[in-house]
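Shown next, in structure tokens, is the structure this report addresses.
Start at 1 with the first residue, then count along the sequence.
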Amino acid sequence: MMSDRSIDRIDYFLVGSVIIVVICSVLTLYSQEYNFDDPSVGLMSHKWFKQFLFFLGGLLIMWFVSRVNYQLIGAYALFIYGFAIILLGLTLVKWIGYLPSSRGARSWIKIGPFLLQASEFAKLATVILLGQYLVLKEKEMKKLVVLVIPFGIVLLPMALILLQPDFGTAVSFLPILFTMLFLGGADYFHIGSFITFGGISLVLPMYVEYSKLTLLNDILAFLQRTGKTDLLSVVNRLGGKTWQVLDGKEVAGANLTPKTITALREVFDQVIDLEASFLFKLLSNQGLLIGVGATLIIFSIIMILLRIARGSKTLRSYYIPLGILGISLISAVVVMKTVPFRENQVIRLTAFLNPDEFKQDAGYQLRASKPAVGSGKLVGKGFLNAEMTEGKIPHVPESSTDFIFASWAEQTGFIGSVFLLFFLFSIPLRGLQISYESKDRFGSLLASGIVAMLFYHMAINIGIVLGLLPVTGIPLSFMSYGGSHLLMSMAAVGIILSIKMRKHAN
């Protein structure tokens with residue numbers, strides 16, 4: 001702990017920015033409920049009041065954590081991480097993990113009237129342990145084998161979160177990992193290789209699945225034009241699952257004869273020839289992808305042998321990218337053949353490319369959020385006038401959580417949005433400055449990891465609301481309604497304050 005003389009070292013701008021953003025959150029939540037207030041219910045039934053209580057609790061936690069030496073937190077990093085993993089494991093236990101009716105993931109633990117989202121605290125615990133490990137292995141970070149442990153640290157909570165299942169929260173661990181590896185001194189080729197491998201292995205299959213779903217309308221139109229009503233009813237009934245049937249996969253309730261499947265395949269092939277893009281035809285050709293991938297791997301192996309024979313290090317710049325690209329293409333084919341993508345997952349992750357193509361779920365959210373943001377114009381509709389984001393069932397779904405920025409923008413317009421974004425992004429930017437000023441390597445990496453965690457939440461959430469990124473369910477730090485993320489974020493700021501306060505300590 002620290003004496004009261006440390007008060008002069010508190011970062012007032014950082015603390016002030018947090019307070020201003022959370023006040024904006026409470027005001028936004030209040031405005032959403034104002035015109036639909038029920039006098040018969042108590043304050044604890046209102047989101048704005050509960051968020052205010054979470055804020056007061058967060059201030060207390062932030063103050064307490066700032067008084068604790070961050071090096072002591074690092075010393076207990078493994079215990080903190082282990083406790084977070086235990087909490088994640090408990091969410092999977094049927095009689096402990098809580099599944100709210102409006103959610104699709106068993107992400108909460110119910111403690112009396114409160115809900116604890118374990119995955120939020122797992123993020124911070126993961127950052128702390130990663131920072132400690134990277135410091136211990138600082139001189140060995142160029143070795144590929146040293147990266148196994150950091151990936152294990154991240155993949156364990158990711159796997160438990162995926163079992164809930166909460167894909168968006170699980171994926172949010174990855175940019176934090178790569179940022180900390182980069183700052184921790186890992187080889188750029190190694191980091192780039194992992195990103196390329198993961199990106200190609202997931203993006204190519206996802207693009208192919210997205211293209212299949214968008215082709216369904218053309219297929220239905222073709223069947224209607226040609227009068228094949230029996231096949232039309234089959235495609236209407238199965239929807240995107242028709243592709244799985246044609247791929248030879250078992251689909252519950254399909255009950256199609258071999259003759260019907262053959263007829264469907266002929267129709268689908270005709271529509272692909274007429275309507276599908278060249279890129280889809282190229283990437284859906286699994287034989288071609290395997291051939292190109294194998295060729296690149298062979299070239300990479302030849303270059304490795306040449307390097308061994310000649311001792312030339314310049315070839316490393318060629319054989320690593322070629323080899324990784326080849327392996328990634330083959331991995332993408334494996335994913336296409338083995339991973340059963342659910343239609344709602346594909347829509348959720350690809351609807352931002354063309355929201356009008358998908359009338360429900362993520363497509364509807366994006367078509368609703370962008371007009372809400374735009375309707376604010378320069379100065380907004382005014383406080384308490386959130387027409388598209390107010391009420392118990394607002395026009396913009398999740399307007400109090402993942403899409404709360406749309407509500408703020410609707411009421412305050414461009415000027416209010418700039419005001420909010422200034423203070424919002426001041427938090428990670430100030431944290432980044434503190435990480436540079438830290439007295440030791442652990443403090444620098446810990447602050448950088450926290451900055452990455454907060455920044456990616458902010459940037460990704462704003463990108464989702466504006467229709468620039470896929471809907472992944474990532475909250476807007478310090479703004480979105482919810483106690484777990486707010487308390488975790490304020491605890492994280494407390495750690496940054498602790499690092500700042502001790503930059504001159506011995």
Side-chain angles (χ1 to χ4, degrees), residues 77-78 81 123 126-159 162 170-206 289 292-335 432 435-436 441-442 444-453 455-456 459-460:
L78 192 57
Y81 177 81
K123 295 174 188 175
T126 301
V127 168
I128 295 170
L129 186 57
L130 276 175
Q132 189 74 348
Y133 177 83
L134 294 178
V135 170
L136 292 174
K137 298 293 182 179
E138 182 178 2
K139 296 180 180 179
E140 303 175 57
M141 287 304 298
K142 298 297 181 183
K143 298 177 182 178
L144 183 61
V145 70
V146 175
L147 302 186
V148 173
I149 298 298
F151 272 89
I153 291 171
V154 170
L155 290 177
L156 179 55
M158 280 184 65
L162 284 171
V171 171
S172 68
F173 281 72
L174 292 177
I176 300 171
L177 168 64
F178 290 123
T179 300
M180 292 193 72
L181 287 179
F182 174 77
L183 296 173
D187 190 287
Y188 299 158
F189 274 113
H190 293 160
I191 297 173
S193 298
F194 284 119
I195 294 174
T196 301
F197 175 77
I200 293 177
S201 298
L202 293 176
V203 172
L204 290 194
M206 194 61 67
L289 293 180
V292 173
T295 302
L296 291 174
I297 292 172
I298 290 170
F299 274 118
S300 178
I301 292 172
I302 292 172
M303 290 183 180
I304 292 173
L305 295 175
L306 286 174
R307 180 190 175 182
I308 294 172
R310 298 181 179 179
S312 174
K313 293 185 178 181
T314 57
L315 289 174
R316 185 173 184 267
S317 302
Y318 299 99
Y319 67 71
I320 289 181
L322 288 177
I324 290 298
L325 185 57
I327 294 171
S328 301
L329 290 175
I330 293 176
S331 174
V333 174
V334 173
V335 171
L432 187 62
S435 76
Y436 286 137
R441 183 69 169 160
F442 174 63
S444 179
L445 282 171
L446 181 56
S448 299
I450 291 171
V451 163
M453 177 180 67
F455 174 78
Y456 288 126
I460 292 172

### Query
Pick one: which of Val148, Leu147, Val146 meets side chain to side chain contact (heavy atoms under 4.5 Å, CB included) with Leu144?
Leu147
### Query
Among all residues two or more places apart in sequence or in another chain, which pass the side chain to side chain donor-acceptor pair (under 3.5 Å) test with Ser201?
Ser331
### salt bridge (charged side-chain N to carboxylate O under 4.0 Å, His left out) contacts in which one or both residues fall within residues 190-199, not counting sequence neighbours
none
### Task
Output, in order, the C-alpha distance, side-chain angles, deciding distance and verdict of side-chain contact (heavy atoms from CB on, under 4.5 Å) for Ile153 and Tyr81.
CA-CA 9 Å; Ile153 291 171; Tyr81 177 81; 3.8 Å; yes
### Summary
Hits for side-chain contact (heavy atoms from CB on, under 4.5 Å) against Val203, two or more places apart or cross-chain, chain-then-number order -> none
Can you list, pair by pair, the side-chain donor-acceptor contacts under 3.5 Å of residues 170-182, counting residues two or more places apart and other chains?
residue, atom, partner, partner atom, Å
Ser172, OG, Thr169, O, 2.5
Thr179, OG1, Pro175, O, 2.7
Thr179, OG1, Tyr456, OH, 2.8

### Task
Find the distance between CD1 (Ile460) and CZ (Phe455) and round it off to the nearest 0.5 Å.
9.0 Å
### Query
Where do Gln132 and Ala77 come nearest, in terms of heavy atoms and distance?
CB-CB, 4.3 Å
### Task
For residues Phe189 and Pro321, report the shortest heavy-atom separation together with the two atoms involved.
CE2-CG, 4.1 Å
## Note on the structure
side-chain contact (heavy atoms from CB on, under 4.5 Å) filter on Ile298, not counting sequence neighbours, yields Ile302
### Nearest-0.5 Å distance, CG of residue Leu329 to CG of residue Leu289
6.0 Å
### From CA spacing to verdict: side-chain contact (heavy atoms from CB on, under 4.5 Å), Ser448, Tyr436
CA-CA 9 Å; Ser448 299; Tyr436 286 137; over 6 Å; no
#### Entry: Contact check, side chains of Leu204 and Val335, non-hydrogen atoms, under 4.5 Å
no
### Task
Given side-chain contact (heavy atoms from CB on, under 4.5 Å), test Ile304 with Ser300 step by step and report yes or no.
CA-CA 6 Å; Ile304 292 173; Ser300 178; 4.2 Å; yes
#### Entry: Nearest heavy-atom neighbours spanning Pro157 and Thr126
CG-OG1, 3.9 Å
### Task
Show your reasoning for whether side-chain contact (heavy atoms from CB on, under 4.5 Å) applies to Ile297 and Ile330.
CA-CA 10 Å; Ile297 292 172; Ile330 293 176; 3.7 Å; yes
### Task
Report the distance from atom CG of Leu446 to atom CG of Leu130, rounding to the nearest 0.5 Å.
10.5 Å
### Query
Excluding sequence neighbours, so at least two apart, what forms side-chain contact (heavy atoms from CB on, under 4.5 Å) with Met303?
Tyr318, Tyr319, Leu322
### Sequence neighbours excluded, every pair satisfying salt bridge (charged side-chain N to carboxylate O under 4.0 Å, His left out) that has a member inside residues 141-152
none
### Query
Mind checking what makes ring pair (Phe, Tyr, Trp, His ring centres under 6.0 Å) contact with Phe194, not counting sequence neighbours?
Phe151
### Non-neighbouring partners of Thr196 that pass side-chain contact (heavy atoms from CB on, under 4.5 Å), sequence neighbours left out
Ile200, Ile324, Ser328
### Summary
Value for CG (Asp187) from OG (Ser193), rounded to nearest 0.5 Å, stands at 8.0 Å
### Value rounded to 0.5 Å, distance of CE in Met158 from CG in Leu162
5.5 Å
### Query
Within the distance-only criterion (no hydrogens, no angle test), does the side chain of Ser435 pair as donor or acceptor with the backbone N or O of Leu432 below 3.5 angstrom?
yes
